[in-house]
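Below, read A as the first sequence line, B as the second, and so on, with proteins coming before strands; counting in each chain starts at 1.
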Amino acid sequence: MVRVRFAPSPTGHLHIGGARTALFNYLFARHNNGKFILRIEDTDRTRSTDEYIEAIIEGMKWLGLEWDEGPFRQTDRFDVYKDYVDKLLKQGKAYYCYCTPEELEQRRQEALGQGKSPKYDGRCRNIVQEFEGSKVRNAAVRFRMPQEGQTIVDDLIRGKVIFENDLLDDLIILRSDGTPTYNFTVVVDDVDMDITHVIRGDDHLNNTPKQMHIYKALGHETPLFAHLPMILGADKTRLSKRHGATSVMAYKEMGYLPDALVNYLVRLGWSCGDQEVFTREELIKYFSFENVGKAAAVFNPEKLLWLNSQYIIKSNPEELGELVMLFLENAGIIQKGQDIDRKWLSRAIETLQERAKTLVELANSLRYYIAEDVQYDAKAKAKFLNEKSKDLLAELKENLISLTDFSTAELEKVFKSIIEKYNVKLGALAQPVRVAMTGGTESPGIFEVLEIVGKEKTIKRLEKAIATIATVQP
RNA sequence: GUCCCCAUCGUCUAGCCCGGCCUAGGACAUCGCCCUUUCAAGGCGGUAACGCGGGUUCGAAUCCCGCUGGGGACGCCA
């Protein structure tokens, strides 16, 4: 049984990189009918907050990355870690270190300054452990790493990676305040939770040999490891706030669909022939580490935007209607709590789907369908609402007043008759009408716009346009 | 400084493991054309890459070595 986990630390929101790690774990678990576990690594009490735990959960849920067990919190398991530390201490596999953080930092800087390795010098390694087995104040506990030989990490993505043991640091597993540290808790938990595959970011590859020795000291076999390549920003440095939005929920707010983000993220490092767009089922079916690349990938917002537009086109209008309501409220297009005819909204959305790349854009385009009135774009107004179009607009208005079937088919007939009568091209009429109806020069087909806006508002807007021309022209 | 990882169009990538089918494929972006009531969407086409140097071989994007470049790690962070 495959058992994998996503183990974020709640020191920030769920970000793009974390989300992809979670996603790969999720896909691997689902592909193998295994279990996906969520574990919160909050041993750093100074930086972890409950708000961030909630934020991470919110992000996971939004992306549809459902976990099977958890969320577990490491702060709930301090007793467990303590027991393991005591065991190692008794067995001599760990020892007390009396160096203070300040001393350590100073020695680190000195070593670095002399061009030497900043590795712990091991001065507490062999001193007599006077207080063995009992609580020693102000002492941290270090794990005794082997100092000779090699450790080989056989990574699912990278193959064999060899580390010289004499480079391994005796890392601290228990702080002097009695709290355990990451490299220890991660191993204890992965053992206790029967994790079979550790799938995480590349930045943990160097920790792996150390963790392997902890597994050994605990008398447990190591799981399989898969280290994912990093995600970089446009300048090829580690993705961070400097590169724009990195929080997953920020993409929700910008009007992205979760499936589009998932699809984009999975293609960052993974591929399946030439296919670009995948359903969730396909991802689960096709996912494999064989198709995961080794090189870091640059996050490309343009491609994500394109994928989002593809997902919007594919979505059904009813669902988009539900999703866009919040954006309509936020844009002030409808009042909070105000409802609109969903059937009508769906029709309106259908005309906009292939024109909106995000839900924000969709909401903004919906404005001219929903609002009572339109604001003219200055350029559009100058170019199309003028003496040249005045008679055409007036003629159209007159014709529409008597039109009972306000449908695209009938509207088209009316337009045709007018352009024939005036001997102009359709654009000569359609563009001024477009400005009158939407305020701008871009919109879905003009007949559809009229039909959806409806007879009453259409005539009002035409009257306003004509009046505008009259006041502009003395 | 030391260690580890990586290296195909601007970007994501296919191909690499099992050398010839690669005149290096697809996608985003970009440019042009078509469609057209506008804008999109869609269709067609263009520009654009095997980092460099050595090997091995009849033959290398593919195998080996070096270099260069980029990234990561070296915490009483995770």
Side-chain angles (χ1 to χ4, degrees), chain A residues 7-11 41-44 46-48 97 99-101 104-105 108 111-120 139-142 153 155 157-159 161-164 167-169 171-177 179-183 185-186 200-209 227 229-230 232 234 236-238 264 267-277 290-291 293-307 309-310 313 352-357 365 380 384 412 415 419 425-431 433-435 438 440-447:
Chain A
S9 113
T11 53
E41 309 228 321
D42 55 351
T43 54
D44 183 350
T46 60
R47 294 196 302 158
S48 301
C97 174
C99 305
T100 67
L104 257 14
E105 182 56 24
R108 223 187 330 268
L112 242 22
Q114 290 165 26
K116 286 193 258 179
S117 168
K119 183 185 160 184
Y120 176 61
V141 176
R142 283 187 189 270
V153 178
D155 192 89
I157 294 171
R158 271 144 232 286
V161 183
I162 301 171
F163 295 87
E164 294 297 330
L167 265 11
L168 266 27
D169 219 338
L171 44 83
I172 286 174
I173 57 177
L174 195 74
R175 300 182 183 93
S176 50
D177 69 358
T179 59
T181 62
Y182 164 73
N183 274 295
T185 58
V186 74
R200 78 232 295 197
D202 220 353
D203 46 343
H204 288 284
L205 187 54
N206 287 296
N207 288 327
T208 308
H227 287 94
M230 304 262 86
L232 311 177
K236 303 228 178 189
T237 62
R238 201 191 180 113
Y264 177 71
R267 284 282 293 105
L268 235 37
W270 178 83
S271 61
C272 184
D274 286 339
Q275 192 170 345
E276 293 287 350
V277 183
E290 280 177 35
N291 304 318
K294 299 176 182 182
V298 174
F299 185 81
N300 181 209
E302 278 85 32
K303 189 158 181 179
L304 168 59
L305 190 60
W306 170 77
L307 259 175
S309 72
Q310 294 298 307
I313 288 171
L352 259 15
Q353 273 174 278
E354 61 193 27
R355 295 173 168 82
K357 293 187 192 303
S365 296
F384 294 108
E412 185 165 1
F415 273 65
I419 63 172
K425 288 187 177 174
L426 181 54
L429 174 59
Q431 278 305 79
V433 174
R434 184 164 272 119
V435 177
T438 72
T441 55
E442 303 157 14
S443 84
I446 196 66
F447 309 130

* Between the main-chain N or O of A/Asn300 and the side-chain N or O of A/Tyr264, is there a donor-acceptor pair closer than 3.5 Å? -> yes
* **side-chain contact (heavy atoms from CB on, under 4.5 Å) between A/Val186 and A/His204, worked out** => CA-CA 12 Å; A/Val186 74; A/His204 288 284; over 6 Å; no
* B/A78 and B/G20, which share atom name C1', separated by this distance in whole Å -> 49 Å
* Tell me the partner of B/C33, counting only Watson-Crick (N1-N3 plus N6-O4 or O6-N4) or G-U wobble (N1-O2 and O6-N3) with both under 3.5 Å; none if nothing fits. => B/G43
* What residues form a ring-ring contact (aromatic ring centres under 6.0 Å, His included) with A/Tyr120, not counting sequence neighbours? -> none
* **Span that lies between the C1' atom of B/C34 and that of B/A41, in whole angstrom** => 14 Å
* To do: Identify whether any heavy atom of A/Arg267 sits under 4.0 Å from a base atom; if not, whether one sits that close to sugar-phosphate; answer base, sugar-phosphate or nothing.
  => base
* **Listed partners of A/Phe163 passing ring-ring contact (aromatic ring centres under 6.0 Å, His included), at least two apart** => none
* **Base paired to B/A73 (Watson-Crick or G-U; both N/O distances under 3.5 angstrom)** => B/U2
* To do: Between B/U68 and B/A49, how far apart are the P atoms? Round to whole Å, please.
  => 26 Å
* Donor-acceptor side-chain pairing of A/Asn183 and A/Thr181 below 3.5 angstrom -> no
* Could you give the distance separating B/C28 and B/G69 at their C1' atoms, to the nearest angstrom? => 25 Å
* **Those residues that, when tested against A/Thr438, pass side chain to side chain donor-acceptor pair (under 3.5 Å) (two or more places apart)** => none
* Nearest-Å distance for atom pair CG/C1', residues A/Asp274 and B/C12 -> 12 Å
* Classify the side chain of A/Gln275 and the base of B/G26 as holding, or not holding, a donor-acceptor pair under 3.5 Å. => no
* To do: Could you state the atom-to-atom distance from NZ of A/Lys116 to P of B/C3 in whole Å?
  => 16 Å
* To do: Report the residues that fulfil side chain to side chain contact (heavy atoms under 4.5 Å, CB included) with A/Glu354, sequence neighbours left out, ordered by chain and then residue number.
  => A/Ile313
* **Value in whole Å for how far the P atom of B/C28 lies from CG of A/Leu268** => 16 Å
Any N/O pairs under 3.5 Å between the protein and nucleotides 15-18 of chain B? List them or say none.
none

* To do: Between protein and nucleotides 72-78 of chain B, map the contacts as a letter string: B base, S sugar-phosphate only, - none, heavy atoms under 4.0 Å, written 5' to 3'.
  => BSBSBBB
* Can you list the residues that meet the salt bridge (charged side-chain N to carboxylate O under 4.0 Å, His left out) rule with A/Asp203, with sequence neighbours excluded? -> A/Arg238
* **Nearest-Å distance once atom P is located in both B/C16 and B/A73** => 32 Å
* To do: Provide, to the nearest angstrom, the distance between the CG atom belonging to A/Leu304 and the P atom belonging to B/U13.
  => 14 Å
* To do: Using a heavy-atom cut-off of under 4.0 Å over every strand shown, decide if A/Glu302 touches base, sugar-phosphate, or nothing.
  => sugar-phosphate
* To do: Measure the distance from CG on A/Asn300 to P on B/A29 and round it to the nearest whole Å.
  => 9 Å
* Is there a donor-acceptor contact under 3.5 Å from the side chain of A/Asp169 to the main chain of A/Leu171? -> no
* Using atom CG of A/Leu167 as one end and atom P of B/G1 as the other, report the distance to the nearest whole Å. => 16 Å
* salt bridge (charged side-chain N to carboxylate O under 4.0 Å, His left out) partners for A/Arg175, two or more places apart -> none
* When the distance from CD of A/Glu276 to P of B/G26 is rounded to whole Å, what number comes out? -> 12 Å
* Integer angstrom distance from the P of B/G1 to that of B/C67 -> 14 Å
* Between B/C5 and B/C64, how far apart are the P atoms? Round to whole Å, please. => 14 Å
* Structure fact -> Rounded to whole Å, OH of A/Tyr264 lies from C1' of B/U13 at a distance of 11 Å
* To do: Using ring-ring contact (aromatic ring centres under 6.0 Å, His included) as the criterion, list what pairs up with A/Phe384, not counting sequence neighbours.
  => none
* **Partner nucleotide, any strand, of B/A7 [Watson-Crick/G-U, under 3.5 Å]** => B/U68
* Under 4.0 Å protein heavy-atom contacts per nucleotide of nucleotides 34-49 of chain B, with B for base, S for backbone only and - for none -> ---BBBBSS-------
* **salt bridge (charged side-chain N to carboxylate O under 4.0 Å, His left out) involving A/Lys303 - partner list, sequence neighbours excluded** => A/Glu276
* To do: For B/U62, give its Watson-Crick or G-U wobble partner with both distances under 3.5 Å, or none.
  => none
* Those residues that, when tested against A/Asp42, pass salt bridge (charged side-chain N to carboxylate O under 4.0 Å, His left out) (two or more places apart) -> A/Arg73
* **Distance between C1' atoms of B/C12 and B/A48 (Å, rounded)** => 15 Å
